[in-house]
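These notes concern the structure reproduced below.
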Amino acid sequence: MEENNELKKLRETLLDDRKNGYDRTPPVRDDAMEDYCRDYKKFLSCAKTERESVRELVKQAEAAGFKPFVRGMELKTGDKVYRNNRGKSLLLAHIGKKPLDQGTQISAAHIDSPRLDLKPNPLYQDTELAYFKTHYYGGIRKYQWSTIPLELHGVVALKDGNLVEVSVGEDDDDPRLVITDLLPHLGGEQNKKPLGEAFSGESMNLLLGSRPLTGDEKPDRVKLAVMKILYEKYGITESDLTSAELEAVPAWNACDVGLDRSMIGAYGHDDRVCAYAAFRALLDLDETPAKTSVCILADKEEIGSDGVTGMQSAAFDTFMEDLCDTQSVPVRACYEQSFCLSADVTAAFDPDFAEVYEKRNAAFLNHGIGLCKYTGARGKAGSSDASAEIVAYVRELFDQDGVLWQIAELGKVDAGGGGTVAMYMANRNINTLDAGVPVLSMHSPFETVSKLDCYETYRGMKAVYRAEN
Ligand code: MN
Ligand code: MN
């Protein structure tokens, strides 16, 4: 008996015990988790694009006392400011007690998600049916996007400077759009093709209409009828569609998944699940943080983080420099003392596709926020590969606050790979580590996450902002 206790103690002290979060969370967290997830689902349902995310979060930030940050403005400890970068990315800061040369605590997430964009000349008619041509944005599995109801969200920029907001499918009463697929009866040849080739990008056309303008004899009379509807509703003509950003996204709202309601299914968890956690944690800080907390919600991550609203944009450096100018601190001095949690989703282990995961280093649903020391492909290519010291720093931060976390890789070595904004932060001389919510069916029109992981990610973000060092 004595010896058994010895062994038990030895085991507990020496071995890592990976437990399901529900075996570790005090049940008292349940209500807080449900409340948080309810708010998150509400956010998802009104923020289906990066523009809508910015609009909704600016509204929430202003209600929480955040003010637009204008260059040259004086800032003092406790001030809360934000900058809206072209309506597509958002930067926020809560000025801490310590000066900026002692660094900032940053969270960086992205609010763009894979989707179908309209081409610049989208509208056409074929065989008495009208369509929009699309060009997919981000990494999608094309077959997943046909025969599901789709909505159209975005803007049309007019030459006079006006911006027309377009939203088709948001109201219950609205029509939906769809990409059609072959019937199985005639799918014999298509069935023989590899999955990646069976469905071509040029066949991803949105069905818009079938009813011709009667009395018109011209061959494009269905197209004309559709354009007439768009003109009557939005005041736009076909040529206005060339300066538009219209995005087709799945036409459903976030909902609970599972008979036990332990999960959330939605379009766009990647990466609004981390973006919302990073944002909400900043809003919910109950006291002024030691170091300045910064939250950046970037656009364009799914296509490489380039462009003025992507994480590689100087918009971030400009924001940080403007902050540093209020304290006459060189931004490079601030960066080298700063820490960034690159908050992006990771792949959750899926028992139905176990062969692509390495179980000892996979992220599991309900095991908490997933840290990733590195992402990338092959020999860690395209990854900033955080240092051991930084992983230790975050372990300690999370353990201090009882945040449930796990550490994982995306999948098996050489099975594939992926990247995040981490390297763009690290390249700025900011210590950076990846961490985020594990997702099932990532990049699909209906992704699944666990409520426990959502909530622990939010708690993890708070721990980062609250850090003293
Ligand atoms: Mn992502
Ligand atoms: Mn992604």
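First listed ligand is number 1; within each ligand, the first listed atom is number 1.
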* Tell me, which N, O or S atom in H110 is closest to the Mn ion (ligand 1)? ->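 The nearest such atom is NE2.
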
* What N/O/S atom of D344 is the closest to the Mn ion (ligand 1)? -> OD1

* Parallel, tilted or perpendicular for Y124 and Y131, by the 30°/60° rule? -> parallel

* NZ/K451 to CZ/R38 distance, rounded to the nearest 0.5 angstrom? -> 8.0 Å

* Nearest-0.5 Å distance that lies between atom CD in E456 and atom CZ in F398 ->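 Those atoms lie 10.0 Å apart.
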
* Heteroatom test (N, O or S) for D270 near the Mn ion (ligand 2), limit 2.8 Å -> yes

* Mind checking whether the Mn ion (ligand 2) has an N, O or S of E302 under 2.8 Å? -> yes

* Answer whether the closest heavy-atom distance between the side chains of L285 and H94 falls below 4.5 Å. => yes

